[in-house]
Number of protein chains: 2
Amino acid sequence: MWVCIAVCVYKLTFSGSRFAPLVVLELASDTKEEAITWLLSRIRDRQQNGGAELLVEQLGPGIGVKEKENPNMFLVGASMQRLLCGAEDLGLFKECTDGSMRAFTFASKHNFKDFKGDGDSFLSMAECQYVIKHELDTLRAKEETNVPGYSHAKLYPGKSIIRRLLSKGILIQMFPLHEKEELKRLSFSWYKKVKLSLQPLDDIRHYYGEGQALYFGFLEYFTFALVPMALIGVPYYLFDWEDYDKYVVFAVFNLVWCTVILELWKRRSASLAYYWGTLCRKKAFEEPRPGFHGVLGHNPVTGRAEPIYPTSKRHLRVYLVSLPFVLLCLYLSLYVMMIYFLMEGWALSIYDENPTFWTHILLFIPSIIYAVVIEAMNLIYRYAAEFLTEWENHRLESSYQNHLVLKVLVFNFFSCFASLFYIAFVMQDMELLRQSLATLLITSQILNQFMEAFLPYWLQRRRNKKMIRKVQKRRMYEEKELPLVEQVRLEADMSTYLGTFDDYLELFLLFGYVSLFSCVFPLAAVLVVLNNITEVYSDAFKMCRVFKRPFADPAANIGVWQLAFEAMSVIAVVTNCALIGMSPQVRSYFPESETQLILCTVAAEHVLLGFKFILTFLIQDVPKHIQDKLARLEFESLEALKKKVKSDSALTFFTLLPLSKLLPVL
Amino acid sequence: MWVCIAVCVYKLTFSGSRFAPLVVLELASDTKEEAITWLLSRIRDRQQNGGAELLVEQLGPGIGVKEKENPNMFLVGASMQRLLCGAEDLGLFKECTDGSMRAFTFASKHNFKDFKGDGDSFLSMAECQYVIKHELDTLRAKEETNVPGYSHAKLYPGKSIIRRLLSKGILIQMFPLHEKEELKRLSFSWYKKVKLSLQPLDDIRHYYGEGQALYFGFLEYFTFALVPMALIGVPYYLFDWEDYDKYVVFAVFNLVWCTVILELWKRRSASLAYYWGTLCRKKAFEEPRPGFHGVLGHNPVTGRAEPIYPTSKRHLRVYLVSLPFVLLCLYLSLYVMMIYFLMEGWALSIYDENPTFWTHILLFIPSIIYAVVIEAMNLIYRYAAEFLTEWENHRLESSYQNHLVLKVLVFNFFSCFASLFYIAFVMQDMELLRQSLATLLITSQILNQFMEAFLPYWLQRRRNKKMIRKVQKRRMYEEKELPLVEQVRLEADMSTYLGTFDDYLELFLLFGYVSLFSCVFPLAAVLVVLNNITEVYSDAFKMCRVFKRPFADPAANIGVWQLAFEAMSVIAVVTNCALIGMSPQVRSYFPESETQLILCTVAAEHVLLGFKFILTFLIQDVPKHIQDKLARLEFESLEALKKKVKSDSALTFFTLLPLSKLLPVL
């Protein structure tokens with residue numbers, strides 16, 4: 001049953017004006033009237049006067065319990081003309097009639113492929129919402145020194161009003177609305193039918209924007225890329241091929257394959273981003289984050305007034321506080337791991353001494369304690385990392401994200417793989433390594449998908465039950481669709497999607513399981529492929545049913561994750577070479593000299609690393625036909641500039657010529 | 001005495017017109033009259049008619065023996081207005097009055113700092129010559145199907161005329177003229193006085209262009225960067241500090257230092273390139289090389305007719321022919337080295353058996369034979385590499401250069417360092433390694449500077465003696481300066497400077513001597529510093545006195561050489577760790593277990609490599625203040641675009657509004 005989340009784009013009629021609501025602004029319920037009036041007037045004001053020139057209406061009361069509802073919810077929309085101008089401001093790239101991608105301009109609108117009539121369906125709803133978000137974000141204070149009614153919410157000329165309202169808690173949230181019909185179609189083709197076809201990436205991009213679509217594209221690509229490794233891994237597992245040659249062949253294949261798939265992904269991502277128009281789009285100058293603070297000064301690039309915080313101070317905080325803290329946490333996590341292994345040995349010795357039912361149960365206790373402690377540590381560390389990164393006071397959201405990702409990544413890598421490394425290289429127990437890998441892979445996957453999609457869905461369902469039931473009652477009498485007002489309130493209560501961070505992190509750890517110890521446990525790829533298939537469904541379900549619609553994020557690539565995956569594949573070369581060097585089959589080849597064995601292993605590792613580097617260099621990051629198209633765009637703009645220059649200078653000649661003829665004496 | 005090479009910029013009067021000659025075109029002496037007439041008319045023709053709109057005059061006869069002179073030499077110049085327009089076409093960046101760097105446009109010429117009056121001294125002579133070269137290079141065929149009088153010199157619409165003439169041997173050479181006064185000043189401040197000041201990089205750039213200046217900048221930077229290593233190395237050498245701790249400290253310092261100086265060079269190079277205006281200059285679309293051939297087709301980027309050669313075919317040639325050939329040559333050079341060591345052992349055994357004067361001389365024979373064979377192999381290989389790279393049929397000069405550099409680099413690396421590697425890691429004779437390093441460093445430097453500057457200078461001096469003597473006779477009667485005609489002919493006979501390739505190669509090998517075995521021979525840095533100081537003088541002398549003036553090359557960095565130096569510094573980590581691991585002092589720390597020793601060495605190596613990578617990542621390639629300036633430029637162009645868009649759409653509104661008012665029924 002598909003009931004409640006999506007909202008159809010109604011024409012609002014309840015307050016006289018008619019427009020398609022795109023974005024919801026939720027102000028605190030105790031916001032002062034003067035602040036609201038001021039904000040709405042700034043949003044509605046004409047662009048010439050520094051306003052956003054958008055349409056905005058207050059949301060009417062729902063059918064729910066009145067006293068509990070927040071009255072300060074506002075729907076924002078815009079005329080199609082305004083949206084198209086906004087798209088031009090943003091420099092959105094669209095497909096032209098000749099198949100190339102160009103920056104949209106209003107003047108040349110009829111050169112674009114999908115522009116028909118007034119251009120009503122030219123921009124997708126996600127794009128319209130992104131335009132509105134951008135216009136609201138760049139709505140700047142003029143002479144106001146503070147938000148009316150809030151003397152502590154300081155403003156200065158050029159400060160983004162929305163960001164100040166957000167950082168002061170006056171604006172609770174701003175989110176785009178779902179589109180019921182489209183979401184229904186998308187979810188049907190995406191996860192509702194079990195099929196062998198690919199994901200509808202273009203539709204996902206159309207509905208959720210490029211960042212989301214790239215994640216799902218990567219997930220799909222990654223799954224397919226692992227299929228050869230899975231296929232080769234199965235006979236290794238089934239027939240227990242453990243002789244030296246096949247072992248080495250499998251590991252070398254894996255290492256080369258990992259490098260190749262990561263490089264080819266860059267090409268695929270460039271292709272996708274090109275056709276989605278984000279590859280060559282120039283990013284606007286990034287605004288400081290809402291939480292960024294400092295002494296008011298002037299930005300050296302834009303010349304606008306904005307807080308200035310010295311980079312050297314930030315560096316001190318990063319290198320003298322955050323870095324030692326992260327290292328301390330890593331040390332702590334290693335320490336906890338050592339205690340776990342001690343406890344395990346202790347439990348085992350007790351069981352060996354006195355094998356009863358109770359001591360048998362005791363055997364499981366250390367693992368359970370360790371799992372709980374690790375989960376708790378991950379959670380605490382995540383909060384600490386967020387706090388520290390916030391405190392580092394990064395100017396840009398992107399650099400905040402990078403620092404946070406790096407911190408969390410390193411810790412998660414340690415807490416996931418440290419015990420495996422210990423088993424592999426200190427205990428050198430390959431059988432235990434294989435078991436731990438299998439256990440970790442299977443349990444973490446099941447747990448993850450449960451925690452990430454079904455639990456939030458179930459919680460939310462319970463929360464909304466009352467309202468849905470009430471609305472459904474009404475619905476039977478009046479109309480089939482939920483009224484807009486109820487939908488907006490339902491969506492406002494949904495959880496906020498916090499970005500693709502956790503999804504990528506999960507993939508990253510899976511990639512680690514597959515690549516780091518691939519030559520010990522060839523079945524890992526099979527398990528990861530199976531997991532990824534269910535992951536597609538659970539992630540799709542999560543996006544469509546559990547979360548608020550996120551704003552589109554015009555990403556051109558998967559960013560810092562590409563680097564993280566590449567780093568993992570380098571570490572994989574080292575671990576696999578070491579594992580092969582340690583295997584008894586290989587040792588038996590060098591019976592007389594361990595030195596020889598180690599030197600050979602190290603030499604092989606260096607050759608593989610060198611080969612990997614050369615491969616990375618040889619495979620071009622952008623496919624040739626896309627390179628040509630980008631070059632063509634560049635070439636055309638240079639030629640256009642030249643022509644402009646020529647006609648300008650011709651004009652200059654013309655204006656100079658008569659003068660010199662008039663004044664021949666000079 | 002400073003006599004003969006430079007030519008002052010005379011105003012030509014001998015054929016009626018007056019212009020400053022900038023570039024010389026030398027056609028074959030038997031060129032048909034109709035081809036000359038056609039070429040001159042195309043060069044003089046107005047730009048609207050597809051000409052280059054330049055001034056060109058035939059060079060008059062000299063005083064030399066008439067029958068031996070080539071009559072087909074032409075001087076090319078242009079009006080200042082034409083040069084300024086050409087500079088705008090090229091997108092030259094110049095400093096504005098507000099200190100920022102902007103692309104020069106004729107319309108905004110008065111915003112530029114050095115623009116005074118008609119702008120006579122705004123462009124340096126090197127820039128003027130570069131503009132003329134560009135205009136000649138982009139002089140394209142219209143309807144001509146071949147060069148008049150030469151049915152085999154095919155042309156098609158859009159083909160560069162000059163490149164066709166060059167590839168068919170009708171145009172022998174095209175070179176810019178020296179400027180006597182400026183060269184005199186430059187050479188005085190550059191190498192004529194022994195001083196402690198820095199090189200006049202800005203003057204070098206002004207006279208020779210950015211590529212040359214970057215080379216000399218790098219040479220200077222590299223020398224200064226080695227000073228700390230040299231200073232630390234001296235006490236190691238003097239006091240024979242061979243204990244473990246100091247050894248390791250020195251090696252680690254060297255490795256970190258190498259990484260840091262290479263990273264800092266990127267910053268310095270970015271600074272230099274920014275203030276020279278090449279950092280943000282957009283490169284025009286590159287033309288195919290003169291030697292490029294293929295089936296006539298259409299370029300997918302420009303749409304122009306040009307030869308097309310399938311990339312797959314080129315890849316086949318590179319991977320199936322060139323790569324095996326290079327590997328074969330490397331194998332051959334290793335083989336020759338092995339024969340050398342065999343011969344050396346054999347000579348030593350004969351001397352040991354029967355130590356007479358003659359057998360003592362026999363000891364030197366293998367080294368001499370090896371040195372001669374290596375030189376011969378290098379020479380033959382260089383020709384083979386050039387032939388192969390030509391045969392690979394690269395479309396662009398830059399990709400031709402990259403492939404050639406790579407081939408020559410790898411072979412030179414092998415032939416220079418293979419014997420040292422053999423001594424270090426197979427023979428493990430550190431004393432011999434130290435001796436060989438010292439011998440190689442000192443002899444190769446002396447030989448190099450002799451071969452590269454003084455020999456060509458001496459040869460050329462002899463060649464020109466007759467003419468100079470004759471001219472000097474005349475000179476005593478008439479005037480102090482050599483007449484222009486003689487100067488042009490003198491310069492035409494000078495050797496052609498083949499680019500910075502060999503100079504960088506020399507530095508690259510020196511860097512190898514310093515970094516690869518730094519912990520064995522701490523004095524290497526001292527020798528290299530001393531060498532570099534003389535190298536500056538010999539290179540400067542060579543540029544000013546031996547060679548024709550080269551065309552300026554607007555480089556923004558040292559290109560592929562940055563990569564080569566970085567690769568060398570990675571190899572250096574491996575070799576230094578191995579050398580330290582092999583030293584008896586370190587071995588004595590692990591008396592019981594060789595395995596432990598190797599594992600520790602490998603671990604240290606990996607940690608160093610990881611640290612190096614992180615360091616590379618942390619040190620930003622472009623200094624913050626330059627980044628800000630680049631961002632400001634970008635921001636301004638985006639803002640300007642937005643404003644343009646706004647005013648355009650305002651215009652659209654105005655044109656739409658009256659229409660809708662006139663036709664209210666619609």
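Everything numeric in this text was worked out from a predicted model, so none of it was measured. Numbers restart at 1 for each chain; the letters A, B, ... are given by sequence-line order, proteins then strands.
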message = Using a 4.5 angstrom heavy-atom cutoff, name the option from B:Gly91, B:Gly303, B:Pro300 with the most pairs to chain A.
response = B:Pro300
remark   = Looking only at heavy atoms, the pair that brings B:Arg314 and B:His394 closest together is CD-ND1, 3.5 Å
message = Please enumerate all residues that pass side-chain hydrogen bond (donor to acceptor under 3.5 Å, both in side chains) together with A:Glu605, with sequence neighbours excluded.
response = B:His606
ask   = Taking atom types as modelled and ignoring hydrogens, do the side chains of B:Ser569 and B:Lys612 form a donor-acceptor contact shorter than 3.5 angstrom?
value = yes
ask   = Which region of B:Ile571, side chain (C-beta onward) or backbone (N, CA, C, O), has a non-hydrogen atom less than 4.5 Å from a non-hydrogen atom of chain A, or is it both or neither?
value = neither
Proximity breakdown for B:Leu618 and chain A, heavy-atom pairs closer than 4.5 Å = side chain
note = Looking only at A:Leu597, A:Val301, A:Thr311, the option with the highest number of non-hydrogen pairs under 4.5 Å against chain B is A:Val301
query = Aromatic rings B:Phe115 and B:His110: how do their planes relate, parallel, tilted or perpendicular, breaks at 30° and 60°?
reply = perpendicular
key: Engaged part of B:Val574 at the chain A interface, taking heavy atoms whose separation is under 4.5 Å   = side chain
inquiry  = At a heavy-atom distance under 4.5 Å, which candidate from A:Val570, A:Asn299, A:Thr595 has the highest pair count against chain B?
reply    = A:Thr595
request  = Could you give me the CA-CA distance, side-chain angles and deciding distance for A:Arg632 and A:Asp628, then say whether salt bridge (Lys or Arg N to Asp or Glu O under 4.0 Å) is met?
outcome  = CA-CA 6 Å; A:Arg632 177 152 190 89; A:Asp628 279 351; over 6 Å; no
ask   = Which bit of B:Gln627 comes within less than 4.5 Å of chain A, counting heavy atoms only: side chain, backbone, both or neither?
value = neither
request  = Could you pull out all residues at least two apart from A:Tyr274 that satisfy side-chain hydrogen bond (donor to acceptor under 3.5 Å, both in side chains)?
outcome  = none
